[in-house]
Amino acid sequence: MKKSDFQMKIAITLLSFIILSGLLAPWLAPYDPNEIHMAVRLQGPSKEYLFGTDALGRDMLSRILYGGRASILLALIATTLSMTLGMIIGVCAGYFTGVCDIVLTVVTQIFQGIPGTCLMIAIAGILGPGMNHLLLALVVTSWAGFSRIVRTETLRIREQPYMEGLRALGAGTSTLLLKHLIPNMLPNVVVLFTTRVGRSVLSIASLSYLGLGLQPPHPDWSVMISDARLHYRSAPHLIIVPGLCMFTLLFAINLLGDALRDRMDVREEEVKEW
Amino acid sequence: MQDKAKILEAKNITKIFQNGFGKKSICSLKNVDITLNEGEILGLMGPSGCGKSTLARILLRLLPTDSGEVLWKGEAITKKCGHQLLAFQRGVQFIPQRPESSFDPRLRLGKSVVEPLSFFKESWSEKNRKRLQVLLTQLSISEELLGRYPHQVSGGEIQRLALCRALLLQPEVLILDESTSMLDVSVQAQMIQILADLQEKHHLSYLFITHDRELANYFCNRIIVMEKGEILKKGILQN
Amino acid sequence: MKHYLLQKLFSLFLVLFGISLAAFVLGILTPGNPAELALSKGGYSPTPEQIKEIEIEMGLDVPYPVQYVKWLNRVLHGDLGTSYASSRPVRQELIERIPITLKLGSCAMVVTCINGILIGCIAAAFRGKGIDKIVQLGINISLSLPAFWFALLLILFFSESLGWLPTSGNGGIRFLIMPTTVLALPASATAARLMRSSLLAEFGKPYYLAAIARGTNRFEQIIKNALPNAIVPVIALMGNTLGGLLGGSVIVETIFALPGIGSYAIEAIYGRDYPALQGYVLVTGCVYVLVSLLVDGISLLLDPKVRVGRRRL
Amino acid sequence: MVGKSLFIEELSVDFMISTGKVRAVDGVSVVFESGKITGLIGESGCGKSVLGMAILDLLPAYATLNGKIDWGEQSLNEYSIRKRKLLGREIGLIPQSPSESLNPSRKVKAHLNEALRPLGLKRQERYKKAEKLLRDFGFNEPKRILKAYPHELSGGMQQRVLCAIGTACSPEWIIADEPTKGLDSELCKQVQQTLQSLRIQGIKSMLVITHDLQLAEDLCDTIAVMYGGQIVEMGDVLHHPLHPYTKAFLDALPKNGLHPISQINKGVEQYSKGCCFAARCLKSRPRCFQEKPPYKGDKMHWVRCFDAG
């Protein structure tokens with residue numbers, strides 16, 4: 001399985017590079033990201049300012065370094081929260097059939113009925129911008145997708161003969177759920193988690209671009225792009241550079257997701273007869 | 001066969017499957033009576049889809065019955081639940097038909113075999129370890145197999161490991177739902193021989209479900225034939 | 001077949017009920033008192049008594065469930081309230097703006113279907129070869145492109161330096177090319193990836209081996225045998241792709257200044273115009289649910305077991 | 001006219017899987033004569049299906065094949081494009097599990113249309129030929145069957161439709177891969193009758209891959225026994241077996257007393273260079289492990305063992 005290992009290596013190197021540069025930003029950044037020097041506004045890359053300066057003369061390099069932190073962190077937290085919520089509801093709906101299943105499925109359908117981005121915009125818009133409103137919007141819109149997929153996985157595993165065998169051996173529901181059902185579901189859930197983190201980063205970026213997520217003084221890639229909209233004719237690099245960073249981050253996450261998915265299906269190709 | 005103590009009984013069991021989208025064959029049981037005496041190998045034969053496996057699942061209390069009851073050593077247990085059932089659950093064990101999916105694919109076989117002890121709150125004492133060693137030699141399973149995963153082991157070995165897992169709980173009844181029909185002829189022969197000498201050593205009683213007439217004649221003391229959810233002729237063959 | 005439809009209709013009713021509930025709750029959550037806001041437009045500071053009067057008039061003093069029923073009754077009669085900003089009925093404004101979003105959405109949907117299925121088939125047919133790797137790389141890239149950044153890049157490249165396409169405004173096809181590409185790119189990437197993996201899954205199935213043994217050529221094997229089974233999940237995916245398109249249209253319409261319901265929602269947010277936002281959520285929710293039901297119905301019809309039922313010859 | 005026989009020389013098939021290379025077929029040389037029904041029996045994992053698929057060049061992507069397969073004079077494994085013309089027209093396949101070998105979302109008519117295309121008939125004639133085919137296989141109202149979807153047919157019907165598809169262009173050779181796997185006793189009898197009726201349809205030579213000895217005994221003129229990727233014996237093996245494995249295999253049957261074959265004795269490398277059964281053979285001598293046993297016996301009944309035959 002050389003292909004997936006190769007992909008895995010690139011993805012991990014890219015991701016660690018971005019995350020490290022984000023974490024070490026305070027020491028790496030030459031200037032304070034929010035310090036304004038109106039004198040040197042809109043300069044191209046030069047010796048002092050490696051990536052040039054933006055409309056308010058702030059150093060682009062340090063803003064780029066700080067730029068990734070907020071969205072990655074927020075995306076991870078949001079996805080973990082919505083995954084846990086989704087798993088709890090999905091497993092309950094899948095394992096305990098009957099009324100519990102019907103009620104939970106209907107609730108999931110309601111939340112899935114409303115298009116994700118529109119609901120997110122509505123929530124962020126009404127509650128006003130800010131980190132925790134953004135977090136709430138992200139979790140409310142994405143847990144339904146998780147719970148639907150987890151429910152189908154639970155139904156699939158519950159019907160496996162070895163689960164029936166264990167039940168015949170006298171295993172209690174908790175052991176069946178915790179020690180057998182969930183570990184068997186983990187590989188698919190991990191793949192789902194990686195793709196969902198990627199999607200959350202995208203949603204955060206779009207909301208911040210519309211001014212509903214992270215607010216201007218905060219150095220974030222999408223906020224930088226939205227600020228630079230007015231000057232895109234004169235200083236295009238203000239748009240291109242932060243965009244490229246975001247693209248690399250998303251590309252690495254997607255690559256990681258693909259590599260994990262290939263890794264999971266490896267066993268299927270074993271020779272059945274032998 | 002003098003009248004031995006009845007160990008497992010089922011009295012006029014009826015079970016109707018609604019023809020929901022999921023269920024292809026409507027396989028219902030119409031007031032089935034079955035008694036398994038101690039130390040007996042009872043064969044249960046019939047075409048596929050006649051209700052053999054459903055009856056087995058009802059006896060194991062994996063499926064609720066519409067009416068009728070299951071008796072364990074004379075006491076009705078259909079209504080009971082929780083810890084009164086512990087003796088029953090430990091006493092009756094089940095060996096499934098499909099070898100490749102009777103173990104959790106994510107766990108090493110050694111762990112899966114030992115795990116049921118924890119279901120009955122039994123610690124992994126020295127006594128149990130010795131008992132496991134004895135069983136491994138009886139079932140001719142090499143120690144190294146316990147370290148492997150289910151997909152790295154052949155069908156015959158998996159069935160023997162399933163037997164080992166069941167026998168570790170010192171059961172009194174084994175319900176074998178076509179446990180050897182998926183195996184090759186030579187492996188089946190070996191499995192039957194092992195089942196035979198296990199029966200003497202641990203004086204177990206078997207409910208042996210199969211659709212292979214010759215195998216049933218050879219192996220079972222008494223054979224019951226089922227057809228579309230009903231028992232045709234009780235005890236046609238007494239050898 | 002009847003069983004499926006009944007189940008679908010029941011869940012449709014519940015989901016629509018849920019959407020109306022969500023829209024209503026969003027209305028309640030809005031900060032500030034609607035009556036006060038309505039009065040204090042134009043810098044006039046209303047006295048508490050006047051606010052009380054307006055509240056009774058707007059029916060805000062009764063408990064929430066009763067308010068909900070009254071609100072639902074008004075909504076069902078088509079009255080989505082009046083927008084604070086333009087004080088015109090929200091229904092009117094939405095009706096003016098929906099055609100543009102629908103035009104954009106349907107173009108993007110068509111492009112997604114064609115691209116998704118075509119590229120998916122090509123990638124699966126040449127599995128492991130060069131084309132397959134290029135397609136997979138392309139899918140990864142198009143899924144990692146943030147929509148607004150990609151749109152700005154397109155404008156920079158095509159409008160500014162090359163000057164081929166207009167940056168904004170609403171007119172003929174030329175105005176729709178860039179917005180549709182931005183919307184359709186991620187959607188067709190997801191569709192192509194699902195198409196490829198579901199086709200590869202079909203290649204492994206015994207009936208495909210039997211098809212090869214019948215002496216069929218490669219085209220017949222893939223298109224006539226594998227595709228009819230592999231396309232069902234892709235069609236089902238089209239259902240929630242529409243959700244993505246509706247969401248994406250918000251960004252695309254703001255960047256390309258297309259007066260659709262997406263940009264209407266953004267204006268409503270900036271202008272704190274809550275009835276408009278409520279109307280937006282209701283409309284998008286209902287459109288999305290109805291279309292997904294339609295798509296689910298189609299994907300069910302494709303499966304002969306459902307279409308023909310279970311009778312045994 | 002005399003049919004073309006299948007000549008196979010030193011054929012071996014390796015599968016590249018994650019844990020390295022696995023040899024499923026190990027240097028098989030055999031002649032399947034035309035005009036005869038040859039049975040290929042063996043336990044699961046002995047490589048009989050792989051051999052069948054290798055002949056039809058239907059091996060999965062991660063399999064590598066070397067050695068020669070000749071059909072009459074034409075060699076099968078070099079010109080795979082030309083073989084596409086042979087598949088279906090000259091050599092037909094009756095696939096393994098009937099319920100999964102029919103395309104669930106296409107009608108029986110579509111399957112038969114595809115199978116009959118090589119004959120180059122016009123649409124109307126093809127429809128009539130399809131009807132005649134189904135009638136030959138015991139369907140009394142073929143029109144309804146043609147319009148039906150696979151899930152509407154019972155197990156037996158699906159099997160007969162598959163036979164009809166396999167013999168659509170009345171090919172010379174038919175390879176039936178485990179036709180009775182997973183079917184209960186009545187269905188097995190039905191399959192047996194269908195396969196026997198193939199002879200009347202003008203199918204002269206057939207290779208039946210199965211682990212069901214009953215089917216092999218009633219249907220086949222000659223039977224080859226396979227173990228560990230090699231053919232150890234071929235001929236009238238069921239009535240007077242020569243090879244130690246065949247003898248042990250037959251003793252393990254319930255009707256002969258269920259005597260199990262001895263386990264692999266410890267300390268002996270399982271896949272020896274010499275005879276594949278050496279590790280479990282009671283009469284194995286050191287020589288059995290070094291050299292490949294010679295072919296003994298005549299064309300009608302030969303065996304590969306040092307002291308048998």
Side-chain angles (χ1 to χ4, degrees), chain A residues 1 87 91 93-99 101-102 105 150-192 260-261 263-274, chain B residues 22 53 56-63 81-83 85-107 109 111-122 149-152 154-155 158 161-162 165-169 171 173-175 177 179 182:
Chain A
M1 285 304 129
M87 270 186 78
V91 167
Y95 194 77
F96 310 105
T97 52
V99 174
D101 181 16
I102 295 165
T105 328
V150 164
R151 179 176 170 278
T152 15
E153 276 290 292
T154 319
L155 282 176
R156 179 180 66 82
I157 294 172
R158 192 168 68 94
E159 298 312 319
Q160 298 283 351
Y162 61 84
M163 295 299 270
E164 187 186 46
L166 285 166
R167 224 176 284 128
L169 280 162
T173 321
S174 58
T175 14
L176 274 176
L177 278 184
L178 296 177
K179 282 176 71 182
H180 291 281
L181 194 100
I182 292 180
N184 272 299
M185 209 181 351
L186 271 186
N188 296 356
V189 168
V190 161
V191 171
L192 193 60
L260 283 174
R261 191 177 303 116
R263 182 68 56 88
M264 294 308 155
D265 309 340
V266 161
R267 225 201 309 255
E268 260 67 24
E269 276 154 12
E270 299 287 331
V271 174
K272 285 285 179 306
E273 197 179 357
W274 198 255
Chain B
S53 311
R57 278 166 181 68
I58 288 174
L59 287 172
L60 285 154
R61 285 180 45 73
L62 291 173
L63 272 180
C81 61
H83 58 78
L85 272 180
L86 275 186
F88 166 75
Q89 271 178 341
R90 191 166 183 153
V92 180
Q93 291 306 335
F94 173 62
I95 308 290
Q97 175 183 10
R98 297 213 162 283
E100 71 276 2
S101 58
S102 46
F103 280 96
D104 180 343
R106 293 265 158 234
L107 285 176
L109 286 166
K111 268 214 219 75
S112 299
V113 167
V114 168
E115 191 194 9
L117 286 175
S118 64
F119 298 154
F120 296 94
K121 312 285 180 295
E122 252 194 64
Y149 284 96
H151 71 282
Q152 297 162 334
S154 81
I158 290 259
L161 280 160
R165 172 169 70 171
L167 293 172
L168 208 56
L169 296 167
V173 170
L174 271 187
I175 297 185
D177 182 1
S179 318
M182 297 298 278

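Each chain gets a letter, A, B and so on, in the order the sequences are listed, and its residues count up from 1.
With a 4.5 Å cut-off on side-chain heavy atoms, B:Glu115 and A:His180 count as touching. Side-chain contact between B:Arg165 and A:Leu166 is present, with heavy atoms from C-beta onward closer than 4.5 Å. Residues A:Met163 and B:Asp104 fail the side-chain proximity criterion, which asks for heavy atoms closer than 4.5 Å. For the pair A:Tyr162 and B:Pro105, the minimum side-chain heavy-atom distance is below 4.5 Å.
Contact annotation for B:Ile95: neither backbone nor side-chain heavy atoms come within less than 4.5 Å of a heavy atom of chain A. At a 4.5 Å heavy-atom cutoff, the contact between B:Arg57 and chain A is made by side-chain atoms alone. When heavy atoms are compared at a cutoff of 4.5 Å, B:Phe88 does not approach chain A at all. Heavy-atom distances place the side chain of B:Pro116, and not its backbone, under 4.5 Å from chain A. For a residue to count as touching a neighbouring chain, one of its non-hydrogen atoms must lie under 4.5 Å from one of that chain's; by this rule B:Leu169 touches chain A with the side chain only. If you measure heavy-atom distances from B:Phe103 to chain A, the contacts under 4.5 Å come from the backbone alone.
Between A:Glu164 atom CD and B:Leu63 atom CG the span is 7.5 Å, to the nearest 0.5 Å. Rounded to the nearest 0.5 angstrom, A:Arg167 CZ and B:Gln89 CD are separated by 11.5 Å. With values rounded to the nearest 0.5 angstrom, A:Asn184 atom CG is found 7.5 Å from B:Leu107 atom CG.
Your options are A:Gly165, A:Pro183, A:Ala171, A:Pro187, and the one with the most heavy-atom pairs under 4.5 Å with chain B is A:Ala171.
The shortest non-hydrogen separation linking B:Phe119 to A:Thr175 is CE2-CG2, 4.1 Å. A:Ala168 and B:Leu62 make their closest contact through N-CD2, 3.8 Å (heavy atoms, listed as atom of the first residue, atom of the second, distance).
The side chain to side chain donor-acceptor pair (under 3.5 Å) search around A:Tyr95 returns none, not counting sequence neighbours.
Residues from residues 150-160 of chain A never place a non-hydrogen atom less than 4.5 Å from a non-hydrogen atom of chain B.
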